[in-house]
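Below you'll find the structure, written out as structure tokens, and then a few comments.
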Amino acid sequence: MSDPVIVTSALPYANGPIHFGHIVGAYLPADVYVRFRRMCGDDVHFLCGTDEHGVAITLKAEKEGVAYPDYVDHWHERIHRTLQRFGIEFDAFSGTASHRNEHHAPLAQQFFTDLLRNGWLVEREEEQFFSESTQRFLPDRYVEGTCYLCGYDKARGDECPRCGKFLESKRLLEPRSTIDGSRPVLKSSKHWYLDLGRARDEWLRAWFLGKHGQWKPNVENFVLGDLAELRERPITRDLPWGVPVPLPGTAGKVLYVWFDAPIGYLSISKQYFAKRGEPERFEKLWRSPNTRLFHFIGKDNITFHAVIFPAMLKGTGRGWILPENVPANEFFNFEGRKFNTSSGWFVPESSVADDPTDVLRWALCSMMPETADSEWTWSEFQARVNGDLADNLGNFVTRTLRFVEKFFEGAIPPRSGETLAQDKALDDAAVRTVAEVREHFGSFRFRRALAAILALGGECNRYFDAEQPWVLVKQTPTRRRAGDVMHACCRMIDLLAVLIAPVMPATARLIRRAMHRESVPLAFASIAPRHEFPNEGIRGAPLTTVFPKFRDERGEEKTALFRKVTDERVASERARLAELASAAVAPAPATTVSPTKSPAEALAATVDYEGFTAVDLRAATIVAAERHPKADRLLVLRVDLGFQTRTIVAGIAASYSPEELVGRRVIAVANLAPRTLRGVESQGMLLAGDDAGGKPRLLAPDAATPDGVRVR
RNA sequence: GGCGGGAUAGCUCAGUCGGUUAGAGCGAAGGCUUCAUAAGCCUUAGGUCGCGGGUUCGAGUCCCGCUCCCGCUACCA
């Protein structure tokens, strides 16, 4: 029996939907890897769940007036459905909230007390605002007051929206709670910090350096940079939602969400084994030195999984295993930009509603950001589906099986026993491919695995062409050879089913069913070094009863393994995006609106007419523009308001070059208090809204409105 | 500005320890073929490996400088 394997995917935060970027970064690669290891005969446990604590969740839930558990339940369900859509099949998908996973809080508390006992935690006392009306400490974001630097009376606890400075919340003047307006008092609060610097010096750096060469280079480089800057990190907060700190006199204190989240991997598997009536297996699995632990994550999570969580695991002294590898992926973009759910820059579920799960999985794997950022484009999707799946693999399968159906009455003929040089060559190619594919799946290089599979598909098509069975089959003396060729092709199809199975499990089963071989396990173990395929004849099923039926773009009935992506479809998707890109402010797409999440920015508080007219807006023209000498994002503009010309500094360098701005009409805020921005005084501001990519776009008055006219 | 990543064929990318004439897929041009989903196969064209120095018998690969792009970060009021 091989060593047990634990595979985890990053716990999605139960505060919003997940999109292609998450799928391709952490969930699909894990699922593919799990299927691959199982096909190799390994005992794999695949764990995931939602991360359900933290300030962001409490803020959103409170804003929507929903109880925390109900709020996270909604996203838990929604996220789980999305994962299932992509065929991600976990052994356990749970979460970190106590109502979902009764094992989580006790285990997280055990981590805390273990670390405390072993001296890895540092205790510090600091002053923080406390609301007496609600009897709880207020995170900085819940406190509002007068800025002690500029006098602005609506400064937030962490920073002042007017002067832009970071603030020390306890120095705010006239502080008040944003929850009920009551005046909080300063009260000292005790918190605990994880001493990561000491862990690094004592063992963490050495442990990590010992992994040199085994982890992906992008991950290794990232961690090396991290190690240099490790410090203490607070692991507790004053918050009403989370895992309580397990010490007397700490009411209202919980473990910081980043601390309790990764412990979810353990608590979820503990819950899983408990439910199965085998509670003893949990510790056995997680404390056996033979167990191999793999964390699949996006690159934004590297520090937690490669540095902090190992420090936590080791620090407990309980012998929890440390990760064998953290195969983090880079970022996945969409048609040249970052995915952005709220502005519509993403792939709506409706756009891929008709695409089989396997097809999406294959396409995403072929674009996976394994070593560098990559992106989804519709034309790339079309190329992968049409060229790789339909034309190469799919067509080889159908041309072979149809040939058997047509010329051999659906019965794959037995081999004659004669093997020609080209048969041997094909077989050698297959053996080589199997070795390559195993190697690549095993080392998280899925794109290469797919490329190797496609190369074998090419070999198979060339073999078919070169042997010309359609000629051989028509004459009696050569008919037997045609049978041998078909037998070899069927054997290759049977093998291809195994090779694609980690990525396209349903398609693999479909192919097997077409040859009445669904009872034969899809296993890599069975094809080392040579794929076993019976020498006797095999009766195939009529393709029309097995493969999908559809109408192609010309309206013809088709029975085939894969349906092609039409040019029209690509064009319409790109048209949608072009529209989004050209819109000054992107409209919120209806397809993603969920009951609890509004894609639009929250509406500001109501103002009366006087409140509005307090802002003096004027039509104006830019007469000169240059880059700010000391800030990359700022432009220094001379703006003609009709009655005077002013200098205005605007943060629009990401969208406009100085040259293209001269002569441009704009709307300016004319009575804004002047402010110095990195050394240049700005006497007003320009109105702008963000485009779909988050870049600012200027608003312009109608041409008939002269400079200086007031805008109301 | 700071930190990190990157720049290789029209496009997407591979290129290990420095080693022969820098590769693949797609796209393009031409041809062959009819079992198969307008599928398959063959051939051809296409490169100043971002720029400039350096190390070396030898540099896409290592070192230094520069330009441009992406991310994080600071400056957006």
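In what follows, chains are A, B, ... by sequence order, proteins preceding strands, each numbered from 1. Predicted model only: the values in this text are computed from it and were never measured.
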Expressed as a whole number of angstroms, how long is the span from [X]:[atom1] to [N]:[atom2]?
X        : N      : atom1 : atom2 : answer
A/Glu330 : B/rG71 : CD    : P     : 14 Å
A/Asp552 : B/rA36 : CG    : P     : 15 Å
A/Gln468 : B/rA36 : CD    : C1'   : 15 Å
A/Tyr463 : B/rG40 : OH    : C1'   : 16 Å
A/Glu459 : B/rG40 : CD    : P     : 15 Å
A/Ile412 : B/rC35 : CD1   : P     : 19 Å
A/Glu681 : B/rA77 : CD    : C1'   : 14 Å
A/Phe396 : B/rC41 : CZ    : P     : 11 Å

Between [M] and [N] - [atom1] atom distance, rounded Å:
N      : M      : atom1 : value
B/rA9  : B/rC49 : P     : 10 Å
B/rU8  : B/rC68 : C1'   : 16 Å
B/rC26 : B/rC70 : P     : 30 Å
B/rU55 : B/rU48 : P     : 26 Å
B/rG10 : B/rG53 : C1'   : 31 Å
B/rC57 : B/rC17 : P     : 22 Å
B/rG18 : B/rG54 : C1'   : 15 Å
B/rG50 : B/rU34 : C1'   : 48 Å

Does a side-chain N-to-carboxylate-O contact under 4.0 Å join [X] and [Y]?
X        : Y        : value
A/Arg551 : A/Glu557 : yes
A/Lys424 : A/Asp428 : yes
A/Arg569 : A/Asp355 : yes
A/Glu467 : A/Arg481 : yes
A/Arg512 : A/Asp494 : yes
A/Arg491 : A/Asp423 : no

Mind checking [X] for me? I need base, sugar-phosphate or nothing, with any heavy atom below 4.0 Å counting as a touch.
X        : answer
A/Val649 : sugar-phosphate
A/Leu561 : base
A/Lys474 : sugar-phosphate

Residue-phosphate contact under 4.0 Å: [X] side-chain N/O, [N] OP1/OP2:
X        : N      : result
A/Arg462 : B/rC42 : yes
A/Lys558 : B/rA39 : no
A/Lys564 : B/rA39 : yes
A/Lys216 : B/rG5  : no

Of the nucleotides [options], which one has an atom closest to the side chain of [X]?
X        : options                : result
A/Phe464 : B/rA77, B/rU37, B/rC35 : B/rC35
A/Leu634 : B/rC35, B/rA39, B/rC76 : B/rC76
A/Asn395 : B/rA39, B/rU37, B/rG40 : B/rA39
A/Ala650 : B/rC35, B/rA38, B/rA77 : B/rA77
A/Leu672 : B/rC42, B/rA77, B/rU37 : B/rA77
A/Asp391 : B/rA38, B/rA39, B/rA77 : B/rA39
A/Glu380 : B/rU12, B/rA39, B/rA77 : B/rU12

Review point. Would you say A/Trp470 stacks on B/rC35, if stacking means ring centres under 5.5 Å apart and planes within less than 30 degrees?
Key: yes
Exercise for review: Would you please indicate yes or no on a ring centroid separation below 6.0 angstrom for A/Phe381 and A/Trp376?
Suggested key: yes
Point to revise | Watson-Crick or G-U pairs under 3.5 Å in RNA chain B, rendered as dot-bracket with [ ] for crossing pairs and | for another strand | key: (((((((..((((.....[...)))).(((((.......))))).....(((((..]....))))))))))))....
Check your understanding: How are the rings of A/Phe464 and A/Trp470 set to each other: parallel, tilted or perpendicular (split at 30° and 60°)?
Key -> parallel
Point to revise | Identified side chain to side chain donor-acceptor pair (under 3.5 Å) partner of A/Gln382 from the options A/Asp567, A/Thr377, A/Thr566 | key: A/Asp567
Review point. Does atom CZ of A/Arg574 have more than 12 heavy-atom neighbours from other groups under 6.0 Å away?
Key: no
Check your understanding: Does a sphere of radius 6.0 Å around CD in A/Gln644 hold more than 12 heavy atoms from other residues, nucleotides or ligands, not counting ones at 6.0 Å or beyond?
Key -> yes
Extract from the structure each pairing of a protein N or O with an N or O of nucleotides 13-17 of chain B at less than 3.5 Å, listing the distance.
{"residue": "B/rA14", "atom": "O3'", "partner": "A/Arg448", "partner atom": "NH2", "Å": "3.2"}
{"residue": "B/rG15", "atom": "OP1", "partner": "A/Arg448", "partner atom": "NH2", "Å": "2.8"}

Practice item. Please tell me which of A/Phe562 and A/Gly458 maps to the more 5' nucleotide of RNA chain B, matching each residue to the nucleotide holding its nearest heavy atom. Key: A/Phe562
Study note, to complete from the structure: Walking RNA chain B from its 5' end, the first of A/Phe550 and A/Asn333 to be reached, judged by nearest nucleotide, is A/Phe550
Practice item. Please assess A/Phe334 against A/Leu577 for the test side-chain contact (heavy atoms from CB on, under 4.5 Å), listing each intermediate value before the final yes or no. Key: CA-CA 10 Å; A/Phe334 176 49; A/Leu577 297 175; 3.7 Å; yes
Which atom pairs link the protein and nucleotides 23-32 of chain B when you take only N or O atoms and keep those under 3.5 Å?
none

Exercise for review: Using distance alone, with no hydrogens and no angle criterion, decide if A/Arg638 and A/Thr647 have a side-chain donor and acceptor under 3.5 Å apart.
Suggested key: yes
**Study point:** With A/Phe396, the side-chain contact (heavy atoms from CB on, under 4.5 Å) member among A/Leu401, A/Leu496, A/Asp391, A/Leu456
**Key:** A/Leu496
Review point. So A/Leu393 and A/Leu561, side-chain contact (heavy atoms from CB on, under 4.5 Å) or not? Walk me through it.
Key: CA-CA 9 Å; A/Leu393 295 180; A/Leu561 208 43; over 6 Å; no
